Amino acid sequence: MEYAKNILETIGNTPLIKLNKLTKELPCLVLAKYETFNPGNSTKDRMAVKMIEDAEADGRLKPSGTIIEGTSGNTGMGLALAAIVKGYKCIFVISDKQSKEKIDILKALGAEVVVCPTDVEPTDPRSYYSVSKRLGEETPNSWYVNQYDNPSNTKAHYETTGPEIWKQTDGKITHFVVGVGTGGTISGVGKYLKEQNPDIKIWGVDTYGSVFKKYHETGVFDKNEIYPYVTEGIGEDILPANVDFSIIDGFTKVTDKDAAIYTQKLAKEEGMFLGNSAGAAIKGVLQLQEHFTKDDVVVVLFHDHGSRYVGKMFNDDWMRKMGYKE
Ligand SMILES: Cc1ncc(COP(=O)(O)O)c(C=O)c1O
């Protein structure tokens with residue numbers, strides 16, 4: 001018989017899938033690392049389990065402990081799955097701009113969810129950074145995960161996602177393009193790929209309202225770059241320790257409108273029902289087209305599933321209300 005001993009054993013080894021219609025103007029092969037095949041429907045399952053395993057190993061997380069994290073949903077999903085299998089409790093702190101579906105899904109997996117305002121400074125006691133930190137200090141036998149600065153986040157992608165992409169492309173990958181939030185995916189995959197072949201280019205996709213692109217280009221943390229935006233999962237108003245700027249060759253910024261429109265296009269033109277950061281990522285690939293030539297193999301990573309966005313990017317009333325559609 002061939003079976004997984006529990007749901008966590010099905011994480012990873014996701015397919016690589018060719019894009020056909022949206023990329024037809026590009027000279028090169030564009031392949032999607034399709035992370036929704038993970039059991040929590042996102043790439044975050046990989047790092048969630050790795051962060052838990054490393055915390056168990058060095059005693060930060062103890063038997064029947066409480067896992068506390070500020071999460072926009074996908075990391076929470078991965079942590080919740082692992083907590084169920086391994087016998088932990090979860091408290092997640094989430095910002096109020098996240099989709100209702102994400103919050104309901106976390107509750108469905110038995111987690112307690114605390115919702116905080118988005119439009120406050122990270123240092124404000126109401127911010128989701130501050131609230132998660134405080135709950136971590138106040139809750140007995142708890143462990144505050146901190147995916148932004150936790151090195152196990154990057155390590156998970158260095159140990160699994162990077163090697164998978166290298167093997168699946170038979171070492172022919174020339175460019176890796178991915179949305180950047182905590183930085184774990186780009187830094188882990190990027191480091192592994194550059195160790196195999198330093199010529200591989202690593203591109204980050206950023207949003208308008210986030211500090212990454214300007215910081216990478218100038219070394220200046222410019223507060224004027226920070227303002228509210230709609231795109232979910234990518235961009236930050238802080239510099240997480242998991243963003244290794246030294247392995248990133250450049251960033252391209254995608255507008256909220258384009259990210260939303262291309263999320264719909266992926267579904268309608270490629271049959272790829274994916275989340276909002278996938279729309280941003282594929283638009284990022286198209287924006288970078290001058291960097292690609294005929295023999296290039298571009299891999300773009302799609303983080304999460306469309307089901308979490310049915311009330312937003314897949315709802316035409318919402319799209320019209322936002323001014324993204326006539
Ligand atoms: C939907 C989505 N896209 C992209 C990202 C960014 O990935 P990373 O945090 O590894 O940079 C995240 C992370 O929260 C996410 O949830």
Side-chain angles (χ1 to χ4, degrees), residues 32-36 38 40-48 50-51 69-80 92-95 97-99 101-103 105-106 128-129 132 145-158 160-162 176-192 202-207 210-213 216 229-245 247-248 251 254 259-260 262-263 266 272-284 300-309 312-313:
K33 182 64 171 162
Y34 211 87
E35 288 291 286
T36 65
N38 285 302
N41 302 133
S42 96
T43 196
K44 294 286 189 159
D45 290 353
R46 298 175 187 262
M47 51 74 99
K50 176 74 178 162
M51 291 191 298
E69 179 61 327
T71 166
S72 64
N74 291 319
T75 301
M77 179 78 164
L79 290 169
F92 297 132
V93 185
I94 190 163
S95 65
K97 84 166 202 190
Q98 303 301 328
S99 60
E101 293 91 327
K102 283 186 181 174
I103 298 171
I105 288 167
L106 294 177
Y128 94 116
Y129 305 108
S132 31
V145 181
N146 189 8
Q147 59 173 321
Y148 293 94
D149 303 324
N150 187 327
S152 307
N153 174 1
T154 292
K155 263 190 219 138
H157 294 288
Y158 177 80
T160 68
T161 328
F176 179 62
V177 183
V178 66
V180 183
T182 67
T185 316
I186 196 165
S187 303
V189 173
K191 181 167 184 275
Y192 181 85
I202 308 295
W203 281 94
V205 178
D206 196 13
T207 52
S210 158
V211 294
F212 290 145
K213 185 170 190 287
H216 183 256
Y229 57 87
V230 176
T231 304
E232 292 188 34
I234 64 173
E236 289 298 340
D237 53 4
I238 54 167
L239 295 176
N242 274 312
V243 184
D244 179 357
F245 286 93
I247 62 104
I248 299 171
F251 281 93
V254 174
Y262 276 82
T263 303
L266 275 170
M272 295 183 172
F273 186 50
L274 296 164
N276 189 204
S277 68
I282 192 60
K283 182 60 169 51
V300 56
L301 185 141
F302 293 148
H303 274 87
D304 75 343
H305 196 255
S307 57
R308 291 168 201 179
Y309 304 85
K312 289 178 142 186
M313 293 76 194

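The basis for the numbers below is simple: all heavy atoms, side chains too, and nothing from hydrogens, waters or symmetry mates. Because the structure is predicted, anything quoted here is derived from the model rather than measured. Every number for a ligand or one of its atoms is a count from 1 in the order of the listing. Residue numbers start at 1 and run along the sequence shown.
Across the listed options Thr43, Thr161, Thr185, Thr185 owns the non-hydrogen atom lying nearest to atom 10 (O) of ligand 1.
Heavy-atom distances between Gly275 and ligand 1 stay at or above 4.0 Å for every pair. Within the structure, the closest approach of Ile186 to ligand 1 does not fall below 4.0 Å when heavy atoms are considered.
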Does the side-chain contact (heavy atoms from CB on, under 4.5 Å) test come out yes or no for Val177 and Val205, once each step is laid out? CA-CA 7 Å; Val177 183; Val205 178; 3.7 Å; yes

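For ligand 1 and Thr182, the ligand atoms under 4.0 Å from any heavy atom of the residue are 8 (P), 9 (O), 10 (O), 11 (O). If you number the atoms of ligand 1 from 1 as listed, the ones under 4.0 Å from a heavy atom of Gly183 come out as 8 (P), 9 (O), 11 (O). Close approach of ligand 1 to Val180 is summarised as follows: ligand atoms under 4.0 Å from at least one heavy atom of the residue are 11 (O). Listed by number with element, the atoms of ligand 1 under 4.0 angstrom from any heavy atom of Ser277 are 1 (C), 2 (C), 3 (N), 4 (C). Here is the list of ligand 1 atoms found below 4.0 Å of a heavy atom in Gly184: 10 (O), 11 (O).
Side-chain contact between Phe302 and Ile282 is present, with heavy atoms from C-beta onward closer than 4.5 Å. Contact annotation: the side chain of Lys50 never approaches that of Asn150 to less than 4.5 Å [non-hydrogen atoms, C-beta and beyond]. Within the 4.5 Å cutoff, side-chain heavy atoms of Tyr148 are placed close to those of Ile238.
The aromatic rings of Phe212 and Phe251 lie parallel to each other, their planes meeting at an angle below 30°, with 60° marking the opposite boundary.
For ligand 1, none of its N or O atoms has an N or O atom of Gln147 under 3.5 Å away. At under 3.5 Å, not a single nitrogen or oxygen of Tyr309, backbone or side chain, sits near a nitrogen or oxygen of ligand 1. Checked by distance only, ligand 1 and Lys44 come closer than 3.5 Å through their nitrogen or oxygen atoms. For ligand 1, the polar-atom distance check finds no N/O of Asp304 at less than 3.5 Å from any of the ligand's N/O atoms. Taking distance alone, with nitrogen or oxygen atoms compared against 3.5 Å, Ile234 stays at or beyond that limit from ligand 1.
Here the OG1-NZ distance, from Thr43 to Lys33, works out to 8.5 Å after rounding to the nearest 0.5 Å. Atom CD of Glu232 is separated from atom NE2 of His303 by 13.5 Å, given to the nearest 0.5 angstrom. Separation of atoms OG1 (Thr161) and CG (Leu301) is listed at 7.0 Å; rounding is to 0.5 Å.
Side-chain N/O atoms of Gln147 and Thr75 include a donor and acceptor closer than 3.5 Å.
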